[in-house]
K.L.:
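My structure is below; once you've seen it, I'll send some questions.
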Amino acid sequence: MQSKVHNEDIARIFEKMSRVLSLKGKNRFRILAYENAARSIRELDEDLAEIAAQQKLEEIAGIGKDLAEKIQEALRTGNIRACEREGGKIPDSLLMLFEIRGLGPKTISLLHKKFHVDSLDDLEHALASDALGHARGFGAKKIAALRESLEAWTASHQRMLLGLALPRAEELVARIRKLPLIERAELAGSLRRGRETIGDVDLLVVSGDSPTALEEISRLPEVSRVLAVGPTRATLLLDSIQVDVRAVASESFGAAMQYFTGSKKHNTHIRAIARQHGLKVNEYGVFRGTKRLGGAAEADVYRLVGMPLIPPELREDRGEIEAALKGKLPELVQLSDIRGELHAHSTYSDGHSSMLEMVECAAAMGYEYIALTDHSPSQRIAHGLDRVRLRKKIKEMEKLRKERANSRLHLLLGAEVDILPDGRLDYPDDVLAWLDVVIAAVHANFNQSRKQMTDRILRAIDCPYVNVIAHPTARLIGKREPVEFDFDRIVSAAKQAGVALEIDGSPWRLDLNDTLARSAAEAGGLLSIAADAHSTAQLAYLRFGVLQARRAWIAPASVVNTWSWETLHKWLTARRPQRLGRSMKAAG
DNA sequence: GCCGTTTTCGGCCCGACTGTTTTCAGTCG
């Protein structure tokens with residue numbers, strides 16, 4: 001049996017084919033057909049192999065007889081002879097040039113033929129020399145624009161982390177809202193849906209004088225570069241993040257928000273339902289024939305197709321439309337439901353803020369409880385606490401509790417304890433008994449087998465002092481793959497034991513991710529949404545965890561840190577061997 | 001190359017924007 005051919009492999013072949021054909025100046029609709037097919041395949045949930053087995057390839061939008069046969073061939077042999085023949089002599093490095101903004105088939109073809117540019121490196125050299133200067137179509141501005149595009153691509157060809165992009169985008173929106181010409185400004189796109197990474201920022205504005213408003217936006221100090229400005233649209237760079245600003249009419253604002261928030265799949269599905277009602281939905285509104293029925297408010301769009309407004313975080317076509325039609329949209333946890341933080345560090349381990357600073361910040365945020373969960377000794381780089389230093393921390397915490405006796409904020413002595421490779425915890429039971437909150441986490445030996453890792457985490461869950469498994473898959477977005485384990489077994493063991501699985505809000509982690517968190521919650525498991533804060537400012541990371549939880553359809557009831565102090569306290573102590581931790585008694 | 005209440009041929013992704021053009025070509029979303 002041939003090694004498995006994935007949907008993405010076939011999408012790549014078709015994408016390559018469309019680029020090859022465009023370089024050769026072939027029929028533009030044929031080019032478009034391959035492009036559409038590639039996109040259509042990328043949007044599939046099901047494996048092409050399964051669809052092929054059911055003889056249903058031609059039911060996929062954009063796949064006809066010919067492409068269905070080509071897919072069959074790719075599934076059998078791993079490649080498509082006709083596509084290889086067509087693109088045979090064209091190096092992949094040349095096709096990479098399509099990634100550069102401002103380069104299309106004509107220019108790439110010209111660069112290739114006249115200047116022997118076959119790669120991004122070649123392009124860089126050509127742009128650096130003055131060779132292009134005299135060629136037709138290459139003015140000084142064009143060359144400068146290409147230099148900038150190449151630079152921007154190098155800086156940002158990978159997607160940007162939500163937690164880093166969102167605050168920058170929000171600052172920009174706040175700034176834009178203060179401009180006198182601006183009536184409204186809102187973020188749309190994947191940022192609004194809370195996706196863990198984003199490609200660019202979509203921003204909609206309403207103004208009585210759009211052209212001037214867009215000019216003014218382009219001149220804001222936050223904007224590092226202006227790629228394009230016209231009367232209805234501007235493309236800007238905010239650091240290396242591309243921002244697309246669109247000016248829309250007030251009466252179309254809701255329809256435009258709906259359209260530009262996406263996802264594409266969600267919108268396609270909504271439009272299909274609209275068609276069944278004899279309606280047309282686009283970015284300008286909802287129409288029956290030429291009669292405009294609504295579109296000023298986003299809720300208009302959903303109401304006219306017979307459903308309540310769907311929260312942006314759910315708009316991925318993962319069942320939310322069916323749920324909305326049945327009136328069964330889930331109640332989603334929101335930031336204001338959160339009553340405390342169960343994962344935060346202080347200067348005792350690798351945090352940058354003192355216990356006092358962390359506690360004061362948590363009080364200012366209106367929290368009812370905060371656990372300071374510094375690392376255990378195995379985390380040497382993070383200054384994990386041995387018994388002696390842990391005792392010192394307990395003393396300081398008891399002093400803090402006395403000084404703040406009138407505060408409604410409960411201080412919890414916690415630790416983020418390493419789960420050792422064999423599943424034992426990094427503190428012995430007598431030390432664990434000192435703690436009010438134990439969150440256990442994998443921080444090393446990520447490459448164990450699936451079975452070893454499953455047993456390791458199961459053993460940690462078995463320990464009666466453990467309350468939470470922190471960042472369960474240990475992934476770092478774009479940097480470290482999630483560890484492998486039997487997720488269903490972990491979820492069911494955690495549920496049995498009353499152990500919560502964490503949704504870590506740190507922008508680099510967001511762990512559990514949305515799909516895993518959703519299946520944990522659907523199985524009836526408990527979750528904890530945490531900031532994993534290493535400073536007072538990072539306590540705000542919790543909101544990214546909440547966004548992730550909302551994408552996972554999670555209701556407040558299954559999130560332990562939405563619970564009142566009394567309920568949480570009962571839960572924390574429920575599993576413990578009889579003798580209560582002494583600091584918990586002090587917390588009273 | 002796909003698609004079909006316009007159905008096996010003849011449409012399909014076109015409007016906005018930039019740069020270099022002297023009335024338009026190329027690219028983007």
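Since the model is a prediction, treat every value here as computed from it, not as a measurement. The figures here come from the full heavy-atom set of this structure, side chains too, leaving out hydrogens, waters and symmetry mates. Lettering follows sequence order; numbering is per chain, from 1.
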K.L.:
Closest approach to the side chain of A:Lys142, judged atom by atom: which nucleotide of B:dG1, B:dG19, B:dC17 is it?
P.N.:
B:dG19
K.L.:
Base, sugar-phosphate, or nothing for A:Lys70, non-hydrogen atoms under 4.0 angstrom?
P.N.:
sugar-phosphate
K.L.:
Rounded to whole angstroms, how far apart are CG on A:Asp244 and C1' on B:dC17?
P.N.:
12 Å
K.L.:
Want to settle it: does A:Leu214 or A:Gly139 sit nearer the 5' end of DNA chain B, counting the closest nucleotide to each?
P.N.:
A:Leu214
K.L.:
In whole angstrom, what separates A:Leu110's CG from B:dG26's C1'?
P.N.:
12 Å
K.L.:
In whole angstroms, how far is the C1' atom of B:dG29 from the CG atom of A:Asp200?
P.N.:
10 Å
K.L.:
Give me the distance, rounded to whole Å, that separates B:dG10 from B:dG15 when you measure between the P atoms they each carry.
P.N.:
24 Å
K.L.:
On DNA chain B, does the nearest nucleotide to A:Ile60 precede the nearest nucleotide to A:Gly104 from the 5' side, or the other way round? Give the residue.
P.N.:
A:Ile60
K.L.:
In whole Å, what separates the C1' atom of B:dG19 from that of B:dC13?
P.N.:
22 Å
K.L.:
Closest to the A:Arg30 side chain: B:dC28, B:dG1, B:dT18?
P.N.:
B:dG1
K.L.:
Can you tell me the pairing partner of B:dT8 across any strand shown, Watson-Crick or G-U wobble, with both distances under 3.5 angstrom?
P.N.:
none
K.L.:
Can A:Ile100 and A:Ile108 be said to form a side chain to side chain contact (heavy atoms under 4.5 Å, CB included), step by step?
P.N.:
CA-CA 10 Å; A:Ile100 303 303; A:Ile108 293 173; over 6 Å; no
K.L.:
Within this structure, what is the CD-to-P distance between A:Glu35 and B:dC14, rounded to whole angstrom?
P.N.:
14 Å
K.L.:
Determine the interatomic distance between P on B:dC14 and the same-named atom on B:dC9; round to the nearest Å.
P.N.:
23 Å
K.L.:
With a 4.0 Å limit, can you tell me whether A:Thr232 has a side-chain N or O closer than that to the phosphate oxygens OP1/OP2 of B:dC17?
P.N.:
yes
K.L.:
What contact category does A:Ala140 fall into here, base, sugar-phosphate, or nothing, at under 4.0 angstrom with non-hydrogen atoms?
P.N.:
sugar-phosphate
K.L.:
Does A:Arg543 come within less than 4.0 Å of A:Glu170, counting only side-chain N to carboxylate O?
P.N.:
yes
K.L.:
Salt bridge or not between A:Arg193 and A:Glu316? Use side-chain N to carboxylate O under 4.0 Å.
P.N.:
yes
K.L.:
Using atom CG of A:Leu57 as one end and atom C1' of B:dG1 as the other, report the distance to the nearest whole Å.
P.N.:
15 Å
K.L.:
Base, sugar-phosphate, or nothing: which does A:Ala61 touch, judged by heavy atoms less than 4.0 Å apart?
P.N.:
sugar-phosphate
K.L.:
Given the C1' atoms of B:dT21 and B:dG26, what is the spacing between them in whole Å?
P.N.:
12 Å
K.L.:
Just compare B:dT20, B:dC2, B:dT27 and give me whichever is closest to any side-chain atom of A:Lys141.
P.N.:
B:dT20
K.L.:
What nucleic acid atoms does A:Glu58 come within less than 4.0 Å of, heavy atoms only: base, sugar-phosphate, or nothing?
P.N.:
nothing
K.L.:
For the residue pair A:Glu298 and A:Gln258, establish whether any side-chain heavy-atom pair is separated by less than 4.5 Å.
P.N.:
yes
K.L.:
Grab the CD-P distance between A:Glu148 and B:dT18 for me, whole Å please.
P.N.:
14 Å
K.L.:
Any base atoms under 4.0 Å from A:Thr235, or only sugar-phosphate, or nothing? Heavy atoms, all strands.
P.N.:
nothing
K.L.:
Where do A:Ala37 and A:Leu67 come nearest, in terms of heavy atoms and distance?
P.N.:
CB-CD1, 3.6 Å
K.L.:
What is the distance, to the nearest angstrom, from the CG atom on A:Leu103 to the P atom on B:dG29?
P.N.:
13 Å
K.L.:
Base, sugar-phosphate, or nothing for A:Arg101, non-hydrogen atoms under 4.0 angstrom?
P.N.:
sugar-phosphate
K.L.:
Roughly how many Å apart are B:dC2 and B:dT8, using the C1' atom of each and rounding to a whole number?
P.N.:
12 Å
K.L.:
Establish, from distance only, whether the side-chain atoms of A:Ser119 and A:Asp121 form a donor-acceptor pair under 3.5 Å.
P.N.:
no
K.L.:
In whole angstrom, give the distance that lies between atom NZ of A:Lys24 and atom P of B:dG1.
P.N.:
13 Å
K.L.:
Between A:His112 and A:Asp118, do the side chains contain an N or O donor and an N or O acceptor separated by less than 3.5 Å?
P.N.:
yes
K.L.:
Does B:dC28 have OP1 or OP2 under 4.0 Å away from a side-chain N or O of A:Gln242?
P.N.:
no
K.L.:
Answer with base, sugar-phosphate or nothing: what part of the nucleic acid does A:Ile31 contact at a heavy-atom distance below 4.0 Å?
P.N.:
nothing
